[in-house]
Protein chains: 2
Amino acid sequence: MVQSSKKIQVVPEPTIRRMPSYLAFAEGLLRKGQQFVSSTQIANYMNIDPTQVTKDLSYTAIVGKTRVGYEVKALVEVLSEFLGFTVMDNAFLVGAGSLGSALLHDSGLSHFGLNIVAAFDVNSSTIGKKINDIEVFHIDQFRDLSQEMNVIMGIITVPAENAQTVADLMVAWGIKAIWNFTPARIKVPDDIIVQNTTLYSNLAIIFNKLHNDRKETR
Amino acid sequence: MVQSSKKIQVVPEPTIRRMPSYLAFAEGLLRKGQQFVSSTQIANYMNIDPTQVTKDLSYTAIVGKTRVGYEVKALVEVLSEFLGFTVMDNAFLVGAGSLGSALLHDSGLSHFGLNIVAAFDVNSSTIGKKINDIEVFHIDQFRDLSQEMNVIMGIITVPAENAQTVADLMVAWGIKAIWNFTPARIKVPDDIIVQNTTLYSNLAIIFNKLHNDRKETR
DNA sequence: TTTCATTAAAGAAAAATTCCTTTAATGATT
DNA sequence: AATCATTAAAGGAATTTTTCTTTAATGAAA
Ligand SMILES: NC(=O)c1ccc[n+]([C@@H]2O[C@H](COP(=O)([O-])OP(=O)(O)OC[C@H]3O[C@@H](n4cnc5c(N)ncnc54)[C@H](O)[C@@H]3O)[C@@H](O)[C@H]2O)c1
Ligand SMILES: NC(=O)c1ccc[n+]([C@@H]2O[C@H](COP(=O)([O-])OP(=O)(O)OC[C@H]3O[C@@H](n4cnc5c(N)ncnc54)[C@H](O)[C@@H]3O)[C@@H](O)[C@H]2O)c1
């Protein structure tokens, strides 16, 4: 079948999912001063097949050296670049509750290219406060701020029943991607990217394995 | 090919991943008083193919009625049961920092069958406190408590560099499954179930789509 | 210098997953 | 009562992803 625009994204999603872990591993090796790392080593760390690693890495610019492996420093650079972690993207977070606060606290996000510039809520007890130096505004101020700052991503951490309302708001003010942490599935125009992160799916997988006495890592 | 022990887990992992969202949707309909729901409706909500829904649901006990769909009440019950959300499992959480606290606050977990009975940390400023009625102990008290309580799962929310230490501890005290929120990949015996939940993978997927001007939901 | 073992890379095969097609059932409409 | 349209279910095709196999390169060891 001829696919015109779909051919753009050739990198399999599972590959992209694994890459941040490759990166984290490589960064660790870099700190320890290791110069080269083989696909076998990475595969062993990840509990996957070595050819999976080479295939995944073949999507990036890096080339390995036979009998030696990949240069750790180059690997870190190439993966960071490839994953878009080197350019900072600005984001708004809506719902500065338990999960929202945790994300605001997470320095890992800024390390991986995401800069949360402001948070929003409706609860007067949190509005006006600063969480990890990020101010919490009332949701009504959303408009003014999104214009000023160059914000392309919205993070939704409100209760599930309010997810759609918040999503609509985000779309209205020109946000391009939404990271949705609620179990609710939101409806947005086709050109808006939505990434649903449902923690409970992971729970379901664990329970399934537990009840079937299985022993996989993945 | 003949598969002896591997045949036990016949349910595809992607199916299990989708099920909690079906459940959340069905629960919403139940609250609204809707009696039946068709695969088309569910698929529309999830932005997937309707046959995917029927195939997924075919792994459970529920049978749909032609021209009507699935009974919402039965669907909720069957999915909850199937996903193991009806039996409560006890868990320990180690690392009562930002993310750990968020999880301790999350009532969704107990709704989905996970009961965090105690938290552990090394930071004296949090030890002794209660987060959402769950007490934070010093990590050294881990042993005594895991014996007393019937704890089968360990949740790791410490900094990545301490993940392995904590995992070793959890294994030593008989925990059967580990839910690992750090980007580090931990090494455990084969019979221990590990579920890695790396939020940064989701970030990588968003960035990839953003940079390729794609427009998928998934 | 020669042999050996380890490795990346590429391509093929296998497996898993999704998507499509067909069939039969049945509530709603006429 | 007859027709129509919607739906679940089952099977198979297509696609995607993983795993296996082969090849060539090269550092280390003999
Ligand atoms: N806490 C967790 O660890 C966790 C885990 C998995 C999923 N989640 C999901 O994340 C979401 C949030 O969970 P939480 O535990 O942080 O809940 P929470 O109640 O602690 O926080 C929600 C926040 O959103 C705010 N809010 C509500 N409606 C709003 C609106 N329309 N606009 C702006 N702000 C609004 C509330 O004032 C509150 O501060 C839920 O959907 C939950 O299922 C949370
Ligand atoms: N905060 C987030 O939203 C977020 C998002 C994605 C991933 N993560 C990951 O989750 C992990 C924790 O992140 P965080 O933001 O909660 O960090 P944090 O620093 O807020 O919390 C870590 C906690 O672990 C405790 N700790 C450290 N070593 C310990 C040990 N050996 N035993 C027991 N407790 C110990 C610390 O005292 C601290 O309270 C990190 O690996 C991070 O990458 C966090």
Could you tell me how far apart [X] ([atom1]) and [N] ([atom2]) are, to the nearest whole angstrom?
| X | N | atom1 | atom2 | answer |
| --- | --- | --- | --- | --- |
| B:I48 | C:dT17 | CD1 | P | 15 Å |
| A:K55 | C:dG11 | NZ | P | 9 Å |
| A:E13 | C:dT18 | CD | P | 11 Å |
| B:E71 | C:dT26 | CD | P | 16 Å |
| A:D49 | C:dT7 | CG | P | 14 Å |
| B:Y59 | C:dT18 | OH | C1' | 11 Å |
| B:Y70 | D:dT6 | OH | C1' | 13 Å |
| A:L57 | D:dT18 | CG | P | 14 Å |

Seminar exercise, completed: Picking from C:dG11, C:dC19, D:dT7, the nucleotide nearest the side-chain atoms of B:Q52 would be C:dC19
For this session: Give the nucleotide from the list C:dC19, C:dT17, D:dA8 with an atom nearest to the side chain of B:P12.
Result: C:dT17
Exercise. With a 3.5 Å cut-off and just heavy-atom distances, do the side chain of B:R67 and the base of D:dA8 make a donor-acceptor pair?
Worked result: no
For this session: Test side-chain hydrogen bond (donor to acceptor under 3.5 Å, both in side chains) on A:N196 and A:N180 and set out the steps.
Result: CA-CA 5 Å; A:N196 298 303; A:N180 173 31; 2.9 Å; yes
Exercise. Under 6.0 Å between the ring centres of B:F36 and B:Y70?
Worked result: no
Seminar exercise, completed: The reported gap from CG in A:L203 to CE in B:M153 (rounded to nearest 0.5 angstrom) is 5.5 Å
Exercise. Between atom NE2 of B:H111 and atom CG of B:L109, what is the distance when rounded to the nearest 0.5 Å?
Worked result: 11.5 Å
What is the nucleic acid contact for [X], judged by heavy atoms within less than 4.0 Å: base, sugar-phosphate only, or nothing?
| X | value |
| --- | --- |
| B:K65 | sugar-phosphate |
| B:S38 | sugar-phosphate |
| B:T40 | sugar-phosphate |

Problem set entry | Nearest-nucleotide 5' precedence on DNA chain D, A:P14 against B:V68 | B:V68
Problem set entry | Any B:R17 side-chain nitrogen or oxygen under 4.0 Å from OP1 or OP2 of C:dT18 | no
For this session: State plainly whether the residues A:K73 and A:E77 are in salt-bridge range, i.e. N to O under 4.0 Å.
Result: yes
